[in-house]
Chemist: 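Below: one structure in C-alpha cells.
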Amino acid sequence: MHPAPSVIVFTSLSGLGFGLLVFLGVGLPPVTGWVALVFYLIAYGLAVGGLLASTFHLGHPERALKAFTQWKTSWLSREAWLSVAALLVMAVHAFAAVFLDSVLTLVGWTGAALSLVTVYSTSMIYAQLKTVPRWNQPLTPVHLLSLSIAGGALLAGQTTLAALLLTLAAAVQVAHWQMGDSALSRSGTDLSTATGLGPGTVRAFEPPHTGTNYLLKEFVHVVGRRHARKLRLIALLFGYGLPVLFLLFPGAGHVLGALAVVSHLAGLVVSRWLFFAEAEHVVGLYYGKRVA
Amino acid sequence: MAHTQPALDLSPKVSDEIRKTTCYMCACRCGIDVHMKDGPDGKKRVAYIEGNRDHPVNKGVLCAKGSAGIMQVNAPSRLKTPLLRTGPRGSGEFREIGWEEALSTAVGWLNELHETAPEKLAFFTGRDQSQSFTGFWAQNFGTPNYAAHGGFCSVNMAAAGIYTMGGAFWEFGQPDWDHTKLFMIFGVAEDHDSNPIKMGLGKLKERGAKIIGVNPIRSGYNAIADEWVGITPGTDGLFILSLIHCLLKAGKIDLEYLTRFTNAPVLVNGDEKSPEHGLLMRDDDGKFLVLDRRTGKPAPYDDPAVQPDLAGTWRKAGVTHQPAFQLLAERYLSDDYAPEAVAERCGVPAKRIRHIAGELARVAFDEAIEIDRPWTDFRGVRHEKMTGRPVSFHAMRGISAHSNGFQTCRALHVLQILLGSVEVPGGFRFKPPYPKPVEAHPTPHGNGRPGRPLDGPHLGFPRGPEDLLLDAKGRPRRIDKAFTWENPFSAHGLMHMVISNAHAGDPYPIDTLFMYMANMAWNSSMNTSGVDKMLTDRHEDGRYVIPRIIYSDAYSSEMVAYADLVLPDTTYLERHDCISLLDRPICEADAAADAIRWPVVEPDRDVRGFQSVLIELANRLGMPGFTDEDGTPKWTDYADYMVNHERRPGIGPLMGFRGDGDDVGRGAPNPDQLDRYIANGGFFETHIPEEAAYFKPWNMAYQDWAVGLGLFDSPQPYLFSLYVEPMRRFQLAAEGHGDVQPPDHLRGQIGKVMDPLPIWYPPVEDGHVDPVEYPVHALTQRPMAMYHSWGTQNAWLRQIHGHNPLYLPTKLWHQHGFAEGDWAKVTSAHGCIVVPVAHMAALNEHTVWTWNAIGKRKGAWALSQDAPEATKGFLLNHLIHELLPPKGDGLRWANSDPVTGQAAWFDLRVKIEKVPPPDEAQPVRPPITSPVGQGPPDLAWKVGK
Amino acid sequence: MTELPATTQKKLGLVIDLDTCVGCHACVISCKGWNTENYGAPLSDQDAYGADPTGTFLNRVHSYEITPEDGPAQLVHFPKSCLHCEDAPCVTVCPTGASYKRAEDGIVLVNESDCIGCGLCAWACPYGAREMDAAEGVMKKCTLCVDRIYNDNLPEEDREPACVRTCPAGARHFGDLGDPDSAVSQLVEARGGMDLMPEQGTKPVNKYLPPRPKQDRAAETDTRAPQLKPVAEDTKGFFSWLDKALDRLPGGASDPDKGGS
Ligand SMILES: Nc1nc2c(c(=O)[nH]1)N[C@H]1C(S)=C(S)[C@@H](COP(=O)(O)OP(=O)(O)OC[C@H]3O[C@@H](n4cnc5c(=O)[nH]c(N)nc54)[C@H](O)[C@@H]3O)O[C@H]1N2
Ligand SMILES: Nc1nc2c(c(=O)[nH]1)N[C@H]1C(S)=C(S)[C@@H](COP(=O)(O)OP(=O)(O)OC[C@H]3O[C@@H](n4cnc5c(=O)[nH]c(N)nc54)[C@H](O)[C@@H]3O)O[C@H]1N2
Ligand code: SF4
Ligand code: SF4
Ligand code: SF4
Ligand code: SF4
Ligand code: SF4
Ligand SMILES: [Mo]
C-alpha cells in the first residue's frame, strides 16, 4: 500500500493521543488544574490533530460529516462516532479536572473505554480488509492497541508500566511482522485464483496501460526486503528498545523521559510507514507486482 | 436502518442529435453514430461515438480507435492554418499563411511543371482513401509519378491474389464466417478488415469452429486460436507447399473444381524451342485448350460437354504438351516438399505439418456441406446444389511483407484452390467489385506529355514485358521504378523508394514532391534517419536536393516539419469523403456497399478538405478533366465531384440513389445524392441475389448482377490461375525471347522468381546479411488500439500504448541474462538502436518483436518533449534499409520483393546484446519545433451537463 | 446505503469469454467514452499529452501468459471491471453510504454527491475495480451502464452496456445471472464459468468463461492422419490414381449416375 504521509501521521498521532486519554481517564496520573490542562492539551492535540490530518487525503473533506451515517456497517463510520464520543466524554472529564479540580471517575472510565474502542475501531478499518492479508489478522488490532496504550503510558509518565507495555507491544509488533510476512501466501489468493487461469504457471504479460494509474499508485508499493529489514530494526530500536532503556535507567528524569517519547515517536512513524509500505494489496497480483 | 438507495434517473437524454458517418481511424471504415450535444457556446459538438448497427462493415461494433475518435477530432495536434517554412527543413519552423497565399504558392510551383515537365512532380498519397480521385488528378496533371501506400503495405497479397484468382484476402474477400468449420490465419495482427475479422472470429467461437493461427507471435488473434503454429519468419511458403505435398499425395484435392473452374487442365506449350514455350495453349478463337478425356484431343475449355483431363499428354508436331496440373503435381509431389524436408527450416515439426494437412483434408472433404441452391455456370451447366468445402484461410502482411511474399501468397491461394474452397460455401468469398480477373484490370500507364493527361491510369497489372514502364532506352519511366525488371508486378507503386530515388536523381531528378497523409519522415519510411538526411540534403549552392516539398496532413506529424508548404487538412468528421466502388469500397461477400463522410462538425480552424484543395488547384491550373475546354471548372469542391463526376456514362463515385434517386449503380447524377446517403446512415448497400452468392467468377447470375450494377460492362467469367501465364512471359524474356529484354544482371532473378507455379526461396536479405552474425528475426505488429503514428495524439489511446518494449523469447532472454527493466542494443547490418526489453514465452524462439509506430520524434504531435513515446518508445525502422547491403557485385539491390517491389519489412535480421540502460531510447533525434504548441495538461471532457 | 440488500430481484452482470477476447481494448475506450459523457463526473485524464499520462478508466484489459507443463506458452487477454459482487466489501466499508448495491438488480454504484473520496472502498475491492477520479475527488466505478440498460431514450436493442455493445468479437455478454434460464446463466453453465478470487468471499456476479483447452499437443501425437493415406507411392502411381478418380467424376467414364457408355 502507498504509505500516504497524512494517513501515517493520523494513525500514529491519534493512536498516541487516545492512548494518553485512556490513562488520563483512569486517573493515571491523577492530575488536575494546570498540570491537567497541559496533559489534556497534548492528548487532544495528538488525537484531534491526527483526525484532522486524516481528512487531508479526502477528495471531499467538506462532506466529512456524511461519514457519520454508516455506523452500522462501516468501521470508518464507527471510528468517527467513537472518536467524537471519546473526545466529548473526555472533554467533560477534562473540564472538571482542569477547571473544577474534580475527578469524575465514572466519566473518566467511560472516556477511557471509548478511547480504547476508538483505537480498536481504527485498527479494524485495516484488519477487516481481506484484500490486504498482512492486515487481515487478529494481531492487527492487538498491535495497534498495544502500541497506543504503551505510547499512552509513556506520555502519561507511567514509567514502569510504560516499560512493561512497550516490551509487550514490541513482542506483538514482531509477531505481527512475522505473521504478516506469510499472510499473503496463506490467504490462498494468488495470480491463479485472481485470474482462474491454469494449469501451468501464470505470469502477467502486458499491463492494461503502459502508464500508471490510481490503483498502482495507491496499492502497489514495493519495498525491498533488505530495506524493510533495516527499517524494522530501526522501528524496534527507536520505538521500543531505546524508550524502555531510557525508562529503566536508574533515576530516569524528565530529560530521559522526553528522550524516550521522542525516540518512541520516531520509531512509531517508521513502524507505521512499514505497516503501510509492506502491506500488499491483492490487486497487485493482477499487475504482476509482488515484493521482490 | 434498512437498505435504502437514492433515486436515479435511469433514462437520461443521450444526445440532441445523431449524425451518421464513416470512421477514419483506420482503413476498415466502419459506420459510426456520432452523438451531438450543444456545447457551452451553443454550437453542436461531438459528445459520444458508437458503431452504426445498420452498417454493413461493423454492424454496430466499434474498435478502441473508433470510440476514441472524439479525442482525435479535438486533438491539440491538429494543424490550424497553412504553413510556409521559415527555418531549415526538419526544424519545424514555419510562418502561418492564409489559404490564398498557400494556393497561389502551390500553383506557382506546379504550373510550370504541368506545362513543361509533368514527370517532375511526384505525387504520392499514403493512407489515402480517395485513390480513384487522387489518381484521376495525377493522371490529368500528366505525371507518371503517382501511387498511394500499397507498395510498402501489402501489394504482394493484392497482386498474388489478383493474378491467381482475381481477388485477394486483404479487403477483397472474406471467409464464409457463417459456414466455415476450420479457419487458418497466417501472419495477421490486425488487418484492414479489423472489426469484421474480430466479428468473424467471434462467430467461429460461438459455433465452436476451429481456428489455427500461423504466426511467430502468439498474441491477439493467435492467442485465441485453438492451435498455434509459431513458424519461423519468412518460411510460410515452404510450409504451405509442404501441406500441398501432403494433400496431393493423399489425393485430397477437389478434382471436379479443378477441372471446371481453374486452369489446371489447360495445356501448357511444351515446345522448348518455341517463343511460346510454357505459355497456355489456345484455339484459333483464343480460347484455352484442355485435353478432352472422351477423345484424348484438345477442346476449348468452355465447351459444356468437355471432360477436361488433368494429366496426360498431347503430341503435336513431335512436341508433347501437358496440362498445367501435371506440371504442378510433379513439382510438389517431390520429396523436396515432404514435411521432413522442410520442418527444420520452418520451425514446425513434420508431424505437425502432417496433422494440419490431415485436418484440412478431413474438414474439406469429410465435412463438406451442401446448400440447396441451384445455379448456372458460364458454360450454361446448371448445378442443383452448392457444394462447400468448409475450410477457409486468411492472411496478411506476415506473409506479404517478405521478399518472397508474392510467391508465398500465391502458394496459399493454390492451396485454397486445390481444396476447392474458394467461392464455395464455408470457404473464402470475394467482395464486389471482386472477383475481377487480371484481364479486367488496366495495364500500367506512364506516358506523360506536358499539358495533357497521362495516356491512361497509372497503376495496373502487366500481362507481359511490353507492359513495363520503360522508355526507349529501357530506363524506368517512373521515379519509384515501378513496373521495371526489378519488380515487374509493382501494381501499387513503390512509395518507399520515392524519396531515396528522388534524392539520388535515379532514374531522374524531380522538382516537387507532393505528399498527402503519409508520415514518410518517420514510421512509413524504411531507414528513418537516412530519409531525414535525404530530405534535408543540399547541393553545394545551398539548394535542397529535393527542391520542393508540399505536404498535406491534418496533424502535427514528424513529416510536417520537412515540408516547404503545408496544406492543413480537416479531420474525418469535418469533411466530405467518398468510399467508392471505383476504389476500395466497403462491400461484403453478400452485398455491394459504398459510403461517404460528411461534415458532421464544422472546422474551428482555417483548414480545408484536401480533396477540395486538389480540385481548387486543378481549376486554377486549368487541368484537363477538371475544366471544360473554355477553362470553366467542372466541380467546385469534392462534394460536387462525388455527385457529378462520371467515370463512364452513368457511373460515378457513388452507386446509390442515382438518377431520380432509385437507380443503383448506373444512372444519371442526382443532385440529392448526398442527402440521401446521409439520410440512409452515410452508406448505401445493395444485396447480391441468393443464387449469385457463391461461385461468383463462374456464376452467370452473379455476372449479370455485376453488369447491372456497373462493375463490368459485360460478363467476365474466367478460370483461376494455378499457373500464372503472365509470369511465364517474363521468364521467356529472361530466356532471350521477345523484344523487351531484361538487363543481364536481372535475367537470373527474373528467371527464378517469375516462376508461373509457386516457389519458395529464402528471404532476399538472407543472401546479403550473414545469418550467423544476425541470427534473430525482428518483427513489428500493429497494436489493436493504435493506428500507426496517428494514434499517439489521442489522450486516451496513448495511455494504453505510451511506449513499446522489444519482446524477447525465453531462450534469448535467458541466454543474455535479461531481467525486467533491462535494455538491449539491437543491431542490424544497417544500424543500431538501444531499447527496453521484455520477456515473452509465447513467441518463436528466433524472433523478437515490438509494437509498430509507437516511438515518436520529440516535438511532434503536440506532445511534451519528455513524453514516453519520445524517451522510451522506439521505431524498428532505423534498422531497416530500402536497399540491401552491397553484395560486392557493384549493384543496388532493393529490400523489396523482386516480383512486386513490396517493401520487405519483415525480412529484418538483427543481433542483440545487453547494455546498461541509457537515459533514453537510442538513437535520439533532435527535437522539432512544434508548429501547434503543446496539448493541455488535464482533461475532464464533457460536452453536456 | 452501505448495508447490502438482503436479496436483489435480479443479478445483472457481465459474462466475459476469455476464449474469445482478442484484447483489442474496444470495451475499454467505449466505456471511457460513455462514462465521460454520462453518469456523474467525467473520467478525467492528467498530464494527458505529457510525460506521465494517467486517467480514470472503469474497465481495463490485462494480458497473461500461461506456460503449461507441456506445450507451448499461451496468451490470454483479460478484461476486468467491477464484478458487482453479491457480498460487496466495497459497499459495507463505505462510511458515507455513497457506495450501495441496488436492490432491484444488484448493480453496485457510487452516489457521487455523497462520496467524500476517502478511498476505503477501493482498498476493500480485491479486483481493482474502483478508481478515484483525480480531478473530481470522487470514487468512480463501472455502473453496469445503469443509464443505458433501462434508458427509454435508447432503442430497445441498445439497452445494454456500452462495452458489450461495442465488443467486436462478441466476448462480452450481459444479462441476469440470478435467473438460471437466462442466456448468460446458460452460457456460464455450459462453459464452466468461474469466479475470480472465490476465496475472498465476495461472490462476484460477473463470471469468466475460461479459455478452451488448446489443441497444440494433440497435433503432435496424431502422427499420420488417416485422411492422409497416400493414394500412391510415387508420381507415376499418383497419375494413375488421378486417371481413375477423374473417371468417377460426374460425367466421367465410370460416373455411377452416367448410365453406361
Ligand atoms: N517497421 C515497420 N514500419 C512500417 C510497417 C511495419 O509493419 N513495420 N508498416 C508499413 C505500412 S503497411 C504502412 S501502411 C505504413 C503506414 O505509415 P503512414 O502511411 O505514414 O501512416 P500514418 O503513420 O498513419 O501517417 C499518416 C499521416 O496521415 C496523417 N493524417 C491522419 N489523418 C489525416 C487526415 O484526415 N488528413 C490528412 N491529410 N492527413 C491525415 C497523420 O497525421 C500522419 O502524419 O507504415 C509502414 N511502416
Ligand atoms: N489497429 C490498427 N489496425 C490497422 C493498422 C494500425 O496501424 N493499427 N494499420 C492498417 C494497415 S496500413 C495495415 S497494412 C494492416 C496490416 O495488418 P496486419 O497484416 O495484421 O499487419 P501487422 O500488424 O504488420 O502484422 C503482421 C503479422 O504478421 C506476423 N508475421 C511476421 N512475419 C511473419 C511470417 O513470416 N510468417 C507469419 N505467418 N507471420 C508473420 C507478425 O507476427 C504479425 O502478427 O493493418 C491495418 N489496420
Ligand atoms: S476498425 Fe476501428 S478505427 Fe478502423 S474504421 Fe472501424 S472503428 Fe474505425
Ligand atoms: S472489446 Fe471484447 S475482444 Fe476487445 S478487449 Fe474487450 S472483451 Fe476483449
Ligand atoms: S468488484 Fe470490487 S467494486 Fe465491484 S462490487 Fe466487487 S468489491 Fe465492489
Ligand atoms: S471513497 Fe466514496 S464511495 Fe468509497 S468508501 Fe469513501 S465515501 Fe464511500
Ligand atoms: S458496463 Fe458500462 S461502465 Fe461497466 S465496464 Fe462496461 S461500459 Fe464500463
Ligand atoms: Mo499498410
Side-chain angles (χ1 to χ4, degrees), chain A residues 1 54-55 57-64 66-80 125-126 128-132 187-189 191 193-209 211-215 217-219 281-288, chain C residues 1-3 18 25 28 52-57 60-69 73-76 78 80 89 91-98 114-120 122-128 131-134 136-139 194-201 208 210-211:
Chain A
M1 304 288 290
S54 76
T55 59
H57 81 283
L58 295 183
H60 282 276
E62 79 283 3
R63 299 179 189 154
K66 292 191 194 264
F68 286 85
T69 59
Q70 305 301 314
W71 50 272
K72 245 180 111 176
T73 43
S74 166
W75 279 108
L76 185 51
S77 198
R78 288 173 195 157
E79 183 205 43
I125 294 174
Y126 304 100
Q128 69 174 334
L129 293 174
K130 276 193 166 172
T131 50
V132 186
S187 76
T189 297
L191 191 50
T193 69
T195 60
L197 297 174
T201 41
V202 185
R203 183 174 77 91
F205 175 62
E206 231 184 8
H209 289 69
T212 181
N213 63 27
Y214 167 76
L215 300 166
K217 286 194 228 173
E218 185 80 0
F219 301 126
H281 194 289
V282 293
V283 76
L285 294 168
Y286 285 108
Y287 287 86
Chain C
M1 288 289 147
T2 59
E3 243 178 307
L18 298 179
H25 295 264
V28 175
D52 192 14
T54 58
T56 313
F57 284 81
R60 297 183 186 253
V61 179
H62 296 249
S63 60
Y64 298 101
E65 194 175 66
I66 311 170
T67 310
E69 298 253 309
Q74 301 157 17
L75 217 63
V76 176
F78 197 99
K80 189 161 55 59
V91 170
T92 51
V93 298
C94 175
T96 64
D114 276 356
C115 173
I116 57 173
C118 66
L120 191 56
W123 292 26
C125 170
Y127 309 106
E131 300 193 11
M132 183 97 74
D133 188 78
E136 196 63 24
V138 294
M139 193 54 73
M194 59 187 185
D195 286 352
L196 305 187
M197 294 188 186
E199 71 286 353
Q200 286 273 338
Y208 283 76

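To find a chain, count down the sequence lines: A is the first, B the second, and so on, and within it residues start at 1.
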Chemist: Under a 3.5 Å distance rule, please check whether Ser63(C) uses its side chain to pair with a backbone N or O of Val76(C) as donor and acceptor.
Modeler: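 Side chain of Ser63(C) to backbone of Val76(C), a donor-acceptor pair under 3.5 Å: no, none is there.
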Chemist: Among Glu131(C), Arg60(C), His25(C), which residue has the highest count of heavy-atom pairs closer than 4.5 Å to chain A?
Modeler: Arg60(C)
Chemist: Between Gln74(C) and Ile66(C) (side chain of the first, backbone of the second, donor and acceptor by atom type, cut-off under 3.5 Å), is there such a pair?
Modeler: no
Chemist: Looking at Thr54(C) and Asn213(A), would you say the former's side chain and the latter's main chain have a donor-acceptor pair under 3.5 Å?
Modeler: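 Absent.
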Chemist: Between Gly200(A), Pro208(A), Ala80(A), who has the most heavy-atom pairs with chain C when the cutoff is under 4.5 Å?
Modeler: Pro208(A)
Chemist: Looking at side-chain heavy atoms only, is the closest gap between Thr73(A) and Cys94(C) below 4.5 Å?
Modeler: no
Chemist: Any donor and acceptor pair, going by atom type alone, linking the side chain of Lys217(A) with main-chain N or O of Thr212(A) inside 3.5 Å?
Modeler: no
Chemist: Are Tyr214(A) and Thr56(C) close enough, and set up right, to give a side chain to side chain contact (heavy atoms under 4.5 Å, CB included), and what steps lead you there?
Modeler: CA-CA 8 Å; Tyr214(A) 167 76; Thr56(C) 313; over 6 Å; no
Chemist: Identify which part of Asp114(C) has an atom lying under 4.5 Å from any heavy atom of chain A, answering side chain, backbone, both or neither.
Modeler: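 When you check distances to chain A, atoms from both the backbone and side chain of Asp114(C) fall under 4.5 Å.
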Chemist: Just so I know, are the side chains of Gln128(A) and Val93(C) near enough to count as touching, which here means a heavy-atom distance under 4.5 Å?
Modeler: yes
Chemist: Where does Phe219(A) contact chain C at under 4.5 Å (heavy atoms): side chain, backbone, both or neither?
Modeler: side chain
Chemist: What part of Leu129(A) gets within 4.5 angstrom of chain C, counting heavy atoms only: side chain, backbone, both, or neither?
Modeler: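 Just the side chain, heavy atoms under 4.5 Å.
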Chemist: Could you state the interatomic distance from NZ (Lys130(A)) to CE (Met197(C)), rounded to the nearest 0.5 Å?
Modeler: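 Nearest 0.5 Å value for the NZ-CE distance: 12.0 Å.
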Chemist: Specify which of Pro68(C), Ala122(C), Pro89(C) makes the most heavy-atom pairs with chain A at under 4.5 Å.
Modeler: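 Most heavy-atom pairs under 4.5 Å with chain A: Ala122(C).
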Chemist: Taking every non-hydrogen pair under 4.5 Å, which of Thr55(A), Val282(A), Val132(A), Ile125(A) racks up the most with chain C?
Modeler: Val282(A)
Chemist: Side chain, backbone, both or neither: which part of Ala64(A) has an atom under 4.5 Å from a heavy atom of chain C?
Modeler: backbone
Chemist: Of the backbone (N, CA, C, O) and the side chain (C-beta and beyond), which part of Cys118(C) lies under 4.5 Å from a heavy atom of chain A, both, or neither?
Modeler: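 Both backbone and side chain.
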Chemist: Measure distances from Glu79(A) to the heavy atoms of chain C and classify the residue's part below 4.5 Å as side chain, backbone, both or neither.
Modeler: neither
Chemist: Where do Tyr64(C) and Leu18(C) land on the side chain to side chain contact (heavy atoms under 4.5 Å, CB included) test, with the steps shown first?
Modeler: CA-CA 11 Å; Tyr64(C) 298 101; Leu18(C) 298 179; over 6 Å; no
Chemist: Among Cys115(C), Ala73(C), Gly55(C), which residue has the highest count of heavy-atom pairs closer than 4.5 Å to chain A?
Modeler: Cys115(C)
Chemist: For the backbone of Trp123(C) and the side chain of Thr131(A), can you confirm whether one donor and one acceptor N or O come within less than 3.5 Å of each other?
Modeler: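 Indeed, once roles are kept as given, a pair shorter than 3.5 Å links the two residues.
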Chemist: What residue in Ser54(A), Pro207(A), Ala204(A), Gly211(A) has the most heavy-atom pairs under 4.5 Å with chain C?
Modeler: Ala204(A)
Chemist: Tell me, out of Val202(A), Leu191(A), Val283(A), Thr189(A), who's got the most heavy-atom pairs with chain C below 4.5 Å.
Modeler: Thr189(A)
Chemist: Could you tell me if the side chain of Pro210(C) sits less than 4.5 Å from the side chain of Met194(C), heavy atoms only?
Modeler: yes
Chemist: Anything under 30° is parallel, anything over 60° is perpendicular, the rest tilted; go ahead and classify Tyr286(A) against His62(C).
Modeler: tilted
Chemist: Using heavy-atom distances under 4.5 Å, tell me whether His57(A) contacts chain C through its side chain, its backbone, both, or neither.
Modeler: both
Chemist: What part of Glu218(A) is in contact with chain C, defined as an atom under 4.5 angstrom from a non-hydrogen atom: side chain, backbone, both or neither?
Modeler: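 Just the side chain, heavy atoms under 4.5 Å.
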Chemist: Between Pro95(C), Gly119(C), Gly128(C), which has the largest tally of heavy atom pairs under 4.5 Å with chain A?
Modeler: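 The answer is Pro95(C).
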Chemist: Select, from Glu69(C), Met139(C), Lys80(C), the one with the greatest count of heavy-atom pairs under 4.5 Å involving chain A.
Modeler: Lys80(C)
Chemist: Between Asp133(C) (side chain only) and Glu136(C) (backbone N and O only), is there a donor and an acceptor less than 3.5 Å apart?
Modeler: yes
Chemist: Under a 4.5 Å heavy-atom cutoff, which of Gly201(C), Pro198(C), Cys125(C) has the most pairs with chain A?
Modeler: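 Maximum pair count with chain A is reached by Cys125(C).
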Chemist: Under 4.5 Å heavy-atom distance to chain A, tell me which part of Met132(C) shows up: side chain, backbone, both or neither.
Modeler: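 It is both, since atoms from each part get that close.
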Chemist: Which bit of Pro53(C) comes within less than 4.5 Å of chain A, counting heavy atoms only: side chain, backbone, both or neither?
Modeler: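 Pro53(C) touches chain A through backbone heavy atoms alone.
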Chemist: Given a strict heavy-atom distance threshold of 4.5 Å, which part of Tyr208(C) is in contact with chain A: side chain, backbone, both, or neither?
Modeler: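 For Tyr208(C), there is no contact with chain A at all, as no heavy atom is under 4.5 Å.
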